[in-house]
Amino acid sequence: MKFDQIMVRYGEMALKGKNRHSFENKLHSNLSKKLRNFPAVKIKKTRDRMYVLLNGENPYAVMEKCQEVFGIQSLSFAVRIEQSEDSIKAAALYAMKEAEGARTFKISTKRTDKQFPIRSQDMNQILGGHILSNTEGITVDVHNPDVEIKVEVRQDAAYVTSQNYPGAGGLPVGTTGKTLLLLSGGIDSPVAGYLAMKRGVEVEAVHFHSPPYTSERAKQKVLDLAQEMTRYGIKLKVHIIPFTKIQQKIHREMPDGYSMTIMRRMMLRISEAVAKEQVILSFTTGESLGQVASQTMESMSAINDVTNYPIIRPLVAMDKLEIIDISRKIGTYDISIRPYEDCCTVFVPKAPKTKPSKEKALEYEQSTDFSEDIKEALEQKEVISFSQKKSSEAKFEDLF
Ligand code: ATP
Ligand code: MG
């Protein structure tokens with residue numbers, strides 16, 4: 001016997017009333033894209049669930065991928081068998097044996113086909129007895145079992161489902177709009193992007209680099225982060241903006257204490273132009289209150305002053321350790337800690353003002369004309385699109 005399908009349950013989506021259909025369709029399409037390296041897999045939609053039909057693909061490998069798709073609450077392996085006592089017994093025993101680490105169980109039978117001669121309660125007893133006499137050290141616990149094995153006897157066949165695996169939660173990516181993520185090579189911004197995706201937001205990214213002060217490897221690091229983030233976002237487009245000239249000018253002509261504030265304001269101005277062009281309505285950053293000089297309340301206010309776009313800051317109230325935990329979990333941490341210089345660290349002032357004023361920032365900026373530099377940076381932007389790796393590429397990389 002072998003599991004031949006995965007049952008997909010979606011939680012919060014069910015609450016969305018009228019939008020429900022579009023949410024389901026998005027989930028269906030995201031899931032199919034995610035599973036495109038398993039060509040035999042088919043996805044079936046029913047009224048309130050989806051079933052991933054494995055058609056011989058490896059159940060555990062498919063499950064792992066499904067667990068990275070937002071909008072899914074939980075999943076279980078299932079097997080479809082003929083409607084007979086013997087095959088249901090065999091399937092229930094198999095499901096128990098496959099439930100890793102489970103010491104206690106409960107059987108819940110639902111008989112949709114009333115023609116089936118064994119009543120649900122009796123079926124629970126029969127299956128419980130069958131499992132107890134064919135395993136060791138396993139007991140029944142109807143209140144708090146490690147695994148609840150569900151049996152559904154329908155007209156066409158019987159289905160046996162095993163333990164619940166947690167889904168990624170959230171909402172299907174692409175159902176709540178689009179954001180432009182300011183992606184640095186640090187630990188925080190990829191986590192911020194991941195959390196935005198979790199709320200159903202499609203993410204595009206903008207990255208500022210300052211060659212030759214920042215190396216090719218620093219840029220590659222950001223591209224690797226973007227590639228990694230497609231595990232959750234399906235695809236990710238990165239706009240790389242050359243920022244050297246602007247930074248040099250800030251360094252030369254702006255007061256040292258304000259250079260950080262003004263640099264951030266320039267980043268936001270340029271980002272706004274990119275967002276307009278791409279019809280994106282918000283920004284997302286990895287800022288976390290009080291973490292560094294540019295992230296004090298005064299600083300955020302002075303930086304934010306150049307745009308009316310909402311800035312989503314998913315990490316605003318998180319501690320660094322919590323952020324690191326997430327970055328480890330989502331696989332961006334090891335890339336983020338590669339030691340290459342970021343454009344902000346290269347030009348970091350000795351004593352950045354922790355309480356800059358927006359009026360002063362504007363006053364300083366107006367003493368110099370940045371408009372040509374901004375235009376030029378936008379003209380020279382490079383766009384790189386990422387999508388999930390094909391299995392051949394993924395395998396190739398595993399060799400190293
Ligand atoms: P991160 O770990 O994300 O770099 P951080 O704690 O180092 O964050 P800062 O360097 O002050 O904090 O950056 C704050 C936010 O500004 C980042 O989270 C990111 O959203 C944005 N940002 C910083 N540098 C860049 C860059 N070179 N390109 C694009 N966005 C950037
Ligand atoms: Mg940084």
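Everything numeric here is computed off the predicted structure, so don't read it as measured data. Whatever order the structure lists them in is the order used to number ligands and atoms, beginning at 1.
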Inset, instruction - Start with the C-alpha distance between His239 and Val383, add both sets of side-chain angles, then the distance that settles side-chain contact (heavy atoms from CB on, under 4.5 Å), and finish with yes or no. - result: CA-CA 5 Å; His239 304 262; Val383 182; 3.7 Å; yes
Legend entry - Best match, Pro190, Ser299, Ser184: closest heavy atom to atom 4 (O) of ligand 1: Ser184
Inset, instruction - Provide the number and element of each atom of ligand 1 under 4.0 Å from a heavy atom of Ile187. - result: 2 (O)
Inset, instruction - State the atoms of ligand 1, each with its element, that fall below the 4.0 Å cut-off from a heavy-atom position in Gly186. - result: 1 (P), 2 (O), 4 (O)
Legend entry - Under 3.5 Å side-chain donor-acceptor pair for Ser162 and Glu98: no
Inset, instruction - Report yes or no: does Asp319 contribute a side-chain atom to a donor-acceptor pair with the main-chain N or O of Leu321 at less than 3.5 Å? - result: no
Legend entry - For atom 2 (O) of ligand 1, the option (of Leu183, Asp188, Val206) bearing the nearest heavy atom: Asp188
Inset, instruction - Before giving the answer on side-chain contact (heavy atoms from CB on, under 4.5 Å), spell out for Met263 and Phe208 the whole-Å C-alpha distance, their side-chain angles and the decisive distance to 0.1 Å. - result: CA-CA 11 Å; Met263 179 190 77; Phe208 297 86; over 6 Å; no
Inset, instruction - Before signing off on this row, confirm whether Leu182 and ligand 1 have an N or O atom pair separated by under 3.5 Å. - result: yes
Inset, instruction - Check whether the ring centres of Tyr194 and Phe70 lie less than 6.0 Å apart, and answer yes or no. - result: yes
Legend entry - Proximity of Met267 to ligand 1 by residue part, where a heavy atom lies under 4.0 Å: side chain
Inset, instruction - Could you walk me through whether Asp188 and Lys320 pass side-chain contact (heavy atoms from CB on, under 4.5 Å), step by step? - result: CA-CA 8 Å; Asp188 303 336; Lys320 193 74 186 187; 2.9 Å; yes
Legend entry - Polar side chain donor-acceptor pair, Ser76 to Thr161, under 3.5 angstrom: no
Inset, instruction - May I ask whether Arg264 has any heavy atom positioned less than 4.0 angstrom from an atom of ligand 1? - result: yes
Inset, instruction - Can you sort out which atoms of ligand 1 are near Ser189, meaning under 4.0 Å from one of its heavy atoms? - result: 1 (P), 3 (O), 18 (O), 19 (C), 20 (O)
Legend entry - Contact atoms of ligand 1, heavy-atom distance to Thr285 under 4.0 Å: 20 (O)
